[in-house]
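Data first, discussion second: the structure below is written as structure tokens.
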Amino acid sequence: QVQLTESGGGSVQAGGSLRLSCTASGGLYGNHCMAWFRQAPGKEREGVAAATSDGTTNYADSVKDRFTISKDNAKNTLYLQMNSLKPEDTAMYYCAADRRTTASGISTLSPARYNYWGQGTQVTVSS
């Protein structure tokens with residue numbers, strides 16, 4: 001059974017940094033597109049960053065040049081390094097994985113692409 005477990009959230013002041021981790025188990029990792037999403041209260045879930053199996057990355061405009069997505073295949077872990085955090089980055093952050101290993105016409109930042117989701121880790125940025 002596929003499981004995604006996030007960690008690394010917390011509370012920081014604006015301008016600070018956090019690194020989120022997502023460990024995958026259950027036989028899914030290297031050949032699958034994975035991504036980070038976030039959802040703030042009262043808002044829709046939005047794609048933050050994604051990494052395909054060939055290493056292509058994609059970022060939401062709001063986080064470009066501040067966030068970096070990366071994978072450690074040996075550890076089956078996906079990371080999101082978040083720098084220069086802003087209060088508007090406050091949200092629950094979720095890790096997601098696509099069960100397909102073939103190309104998809106769905107954007108890597110669309111929730112519709114993903115089949116597996118973690119429970120989320122809270123990030124709070126104070127001004």
Any chance you could lay out the side-chain contact (heavy atoms from CB on, under 4.5 Å) test for T90 and V123, step after step, and finish with the verdict? CA-CA 5 Å; T90 296; V123 171; 5.9 Å; no
Pair Y116-H32, side-chain contact (heavy atoms from CB on, under 4.5 Å): steps then yes or no: CA-CA 11 Å; Y116 304 110; H32 301 264; over 6 Å; no
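Contact check for Y59 versus V48: no side-chain heavy atoms found under the 4.5 Å cut-off. Taking 4.5 Å as the limit, some side-chain heavy atom of I69 sits within range of a side-chain heavy atom of L78. Looking at heavy atoms from C-beta onward, M82 lies out of side-chain contact with V63 at the 4.5 angstrom threshold. Side-chain contact between M34 and L4 is present, with heavy atoms from C-beta onward closer than 4.5 Å.
With side-chain heavy atoms closer than 4.5 Å counting as contact, directly or through intermediates, the hydrophobic cluster containing M92 also holds F37, Y94, Y114, W117. L109 shares a hydrophobic cluster with no other residue; no ILVMFWY side chain has heavy atoms under 4.5 Å from its own.
In summary, the side chains of T77 and D72 do not present any donor paired with an acceptor at a separation below 3.5 Å, with no hydrogens or angles considered.
The side chain to side chain donor-acceptor pair (under 3.5 Å) with T108 is formed by just one residue from the set T56, N58, T52; it is N58.
A salt bridge between K86 and D89 is absent, with no side-chain N of the basic residue lying under 4.0 Å from a carboxylate O of the acidic one.
Taking both residues in full, the closest heavy atoms of P87 and S126 are given as CG-C, 4.5 Å, listed atom of the first, atom of the second, then distance. Nearest heavy-atom pair, G26 versus V2, reported as atom, atom and distance to 0.1 Å: O-CG2, 3.9 Å.
To the nearest 0.5 Å, the span separating OH on Y93 from OG on S7 amounts to 15.0 Å. For the atom pair L85 CG and T124 OG1, the distance stands at 10.5 Å (nearest 0.5 Å). Between the CG atom in N115 and the CZ atom in R99 there is a gap of 4.5 Å [rounded to 0.5 Å].
Shown here is Q119, whose CD atom has no more than 12 heavy atoms of other residues, nucleotides or ligands within 6.0 Å. Atom CG of D65 has 12 or fewer heavy atoms from other residues, nucleotides or ligands within 6.0 Å.
For the pair Q122 (side chain) and G9 (backbone), a donor-acceptor distance under 3.5 Å is absent. Under the 3.5 Å distance criterion, the side-chain polar atoms of S84 are left unmatched by any main-chain donor or acceptor of R66.
Every pair passing salt bridge (Lys or Arg N to Asp or Glu O under 4.0 Å) that includes a residue from residues 42-53 is listed here, sequence neighbours excluded: R38-E46. Under the salt bridge (Lys or Arg N to Asp or Glu O under 4.0 Å) criterion, the residue pairs touching residues 102-127 are D98-R113, with sequence neighbours excluded. Pairs of residues two or more places apart, or lying in two chains, never qualify as disulfide bond (SG atoms under 2.5 Å apart) while including a residue from residues 45-75.
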Distance-only donor-acceptor pairs under 3.5 Å for side chains of residues 15-24, two or more places apart:
| from | atom 1 | to | atom 2 | distance (Å) |
| --- | --- | --- | --- | --- |
| S17 | OG | N83 | OD1 | 2.9 |

